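So the structure is just underneath, and the comments pick up after that.
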Number of protein chains: 2
Amino acid sequence: MSQQVPALPDLPEATVARLPEYLRALHHLAESGNDTVSSEALAAAAGVNSAKLRKDLSHLGSYGTRGVGYDVALLIDQIEYVLGLTHRRAVALVGVGNLGHALAGYAGFGSRGFRIAALFDADPGRVGEHINGLVVRHIDELPEIAEAESIAIGVIATPATAAQSVADRLVAAGVTSILNFAPCVLSVPDGVDVRKVDLAIELQILSFHEHRKASLIALPAAGGLTALPGGLAATGTEEAVGS
Amino acid sequence: MSQQVPALPDLPEATVARLPEYLRALHHLAESGNDTVSSEALAAAAGVNSAKLRKDLSHLGSYGTRGVGYDVALLIDQIEYVLGLTHRRAVALVGVGNLGHALAGYAGFGSRGFRIAALFDADPGRVGEHINGLVVRHIDELPEIAEAESIAIGVIATPATAAQSVADRLVAAGVTSILNFAPCVLSVPDGVDVRKVDLAIELQILSFHEHRKASLIALPAAGGLTALPGGLAATGTEEAVGS
DNA sequence: CGCGATTTGTGCACGACTTCACAAGCGCCT
DNA sequence: AGGCGCTTGTGAAGTCGTGCACAAATCGCG
């Protein structure tokens, strides 16, 4: 018939979340001159288990060669295709305060498939400011610019109080994916994806582990000993990069 | 007989990751003058399912009242205790570039249990700079300052090339939790926790969903299309969002 | 040409997390 | 006091993700 390759396999979310990590590791390997890589080596570079990596890659059709490994360049193409990175996606950044300023200047976006196509803010005092070669527009201009630049992804870096309203305006302007840095829950229509990054939450999670570690030390090996699975004590045989 | 408060229950990781979200929602409710809240209402405010919320809270001893709900103030205390937020934790921030600068000025840390106690950079040109009331120190000073300030949490906002070396120095200085913004895998000894935030990865995950949505629209019901490796056909069939 | 070394792809069992559904508990009203 | 409505806490079932272990496939070499 016509096509062999499935258009876009339904990938497990967990796999999707790891593909970018593999991609980064692969680019690194390619720059180091590697043509092929084994699942073991790539897994180590990406900080995961090799079986998991093979299963992840198998979901997207598997282009490895048994006894040899994966072709680095081919795998890069594969993953970039699946992630939709075959062209640069235009991104709108709303909120040019402290964090937004930094995001606007972050080189990592440009080098990994994205182009910040427009900056917006609601504060007239900020409109007109030049950042990294872009001029800050007023948020009222969002609809036209989103249309003109084919923007489908928006980043919210405003205070939490403004975030929902900005999200609504982004959606109205045709944005269907939002990355939210504001510490609040956004409600959006079906079909719009939201991912959230909350810096304080990350620290609070670490704080929990600090607290737990401290309390474990405070309570020596006395009575309880509880349900600590097997001998988590001193397993010298550690090799995987922990995380 | 003796202990009223369970030392520290073993919480599922997924639960730990949601507790900060509940906490934020609770603070919001408290400011709005609510004394009690039902699991349904709190779940909505935190963006989760109410059964999940109840199960999460039940893990930490459950202080709800049937027929009424949860006491907001009590629950805040409970969660803050479990997360180890009963005192402000000192944080060291390494790397005062684009992103580090923004993080140093981010008010959300201060208002949610953390105190940025020191800024470090390796670039002598940056040492001495004042940011938000703090002076940037050279990274060589890390050991003494970490000791003096009892710093157990470190944030890495350096380029990827420097991140592993910074992590090693943080660990050597007694840091046991690291929040890593550099796009690379860190390897650390057992007992040290690492969390990673990669801004480009978040966008790439959104990009995948964009790609999938676009391909679903492009393919009404038909089978596959899409050329793969050899061609990487520059599919001009991408969205046109504004329609 | 066949053999052994190597590495992928995957069936399967296990564990973690989610969701449903409901009994048990609590306060309020009569 | 007793019943009723509301809400929590949780058993149980279902879903998802992980990791092991091994057969299948490929390459290099004698």
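Only this structure's heavy atoms are used, side chains among them; waters, hydrogens and symmetry mates stay out. So you know, we letter chains A, B, ... as the sequences are listed, proteins then strands, and number each from 1. Everything numeric in this text was worked out from a predicted model, so none of it was measured.
- Counting 5' to 3', DNA chain C first comes under 4.0 angstrom of a heavy atom of chain B and last does so at the ends given by dC17(C) to dG27(C).
- Of the residues in residues 11-30 of chain B, those lying under 4.0 Å from DNA chain C by heavy-atom distance are Pro12(B), Glu13(B), Ala14(B), Arg18(B).
- Taking 4.0 Å as the cut-off between side-chain N and carboxylate O, Arg24(A) and Glu21(A) count as a salt-bridged pair.
- Protein atom OH of Tyr63(A) is 18 Å distant from nucleotide atom P of dA25(D), rounded to whole Å.
- Protein atom CG of Leu53(A) is 16 Å distant from nucleotide atom P of dG17(D), rounded to whole Å.
- In this structure, NZ of Lys52(A) is placed 17 Å from P of dA21(D), rounded to the nearest angstrom.
- Residue whose closest nucleotide on DNA chain D sits further toward the 5' end, between Asp56(A) and Gly67(A): Asp56(A).
- Rounded to whole angstrom, the span from the CD atom of Glu40(A) across to the P atom of dC20(D) amounts to 11 Å.
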For residues 154-167 of chain A, tabulate all N or O donor-acceptor pairs below 3.5 Å that involve a side-chain atom, not counting sequence neighbours.
unit_1	atom_1	unit_2	atom_2	d
Gln164(A)	OE1	Ser187(A)	N	3.0
Gln164(A)	NE2	Asp168(A)	OD1	2.9
Gln164(A)	NE2	Ser187(A)	O	3.0

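- Residues His211(B) and Val82(A) form no side-chain contact, since every pair of their non-hydrogen atoms from C-beta on lies 4.5 Å or further apart.
- When side chains are defined from C-beta on, Phe181(B) counts as touching Leu199(A), because their heavy atoms get closer than 4.5 Å.
- With sequence neighbours left out, the side chain to side chain donor-acceptor pair (under 3.5 Å) criterion links Thr36(B) to no other residue.
- At a cut-off of 3.5 Å, with distance as the only test, a side-chain donor of Asp56(A) or Tyr22(A) sits close to an acceptor on the other residue.
- Between the Lys213(B) side chain and the Phe208(B) main chain, no donor and acceptor come within less than 3.5 Å of each other.
- A distance of 10.0 Å separates CD1 of Ile79(A) from CG of Leu85(A), quoted to the nearest 0.5 Å.
- The side chain to side chain donor-acceptor pair (under 3.5 Å) search around Arg212(A) returns none, not counting sequence neighbours.
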Between the protein and nucleotides 10-14 of chain D, list every N/O to N/O distance that falls short of 3.5 Å.
unit_1	atom_1	unit_2	atom_2	d
dG11(D)	O6	Lys55(B)	NZ	3.1
dA12(D)	N6	Lys55(B)	NZ	3.1

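- We find that CG of Asn49(B) is positioned 15 Å from P of dT15(D), with the value rounded to whole Å.
- We find the CG-OG distance between Asp193(B) and Ser207(A) to be 11.0 Å, quoted to the nearest 0.5 Å.
- Enclosure of atom NE2 in His28(B) is not indicated, since only 12 or fewer non-hydrogen atoms of other residues, nucleotides or ligands lie within 6.0 angstrom.
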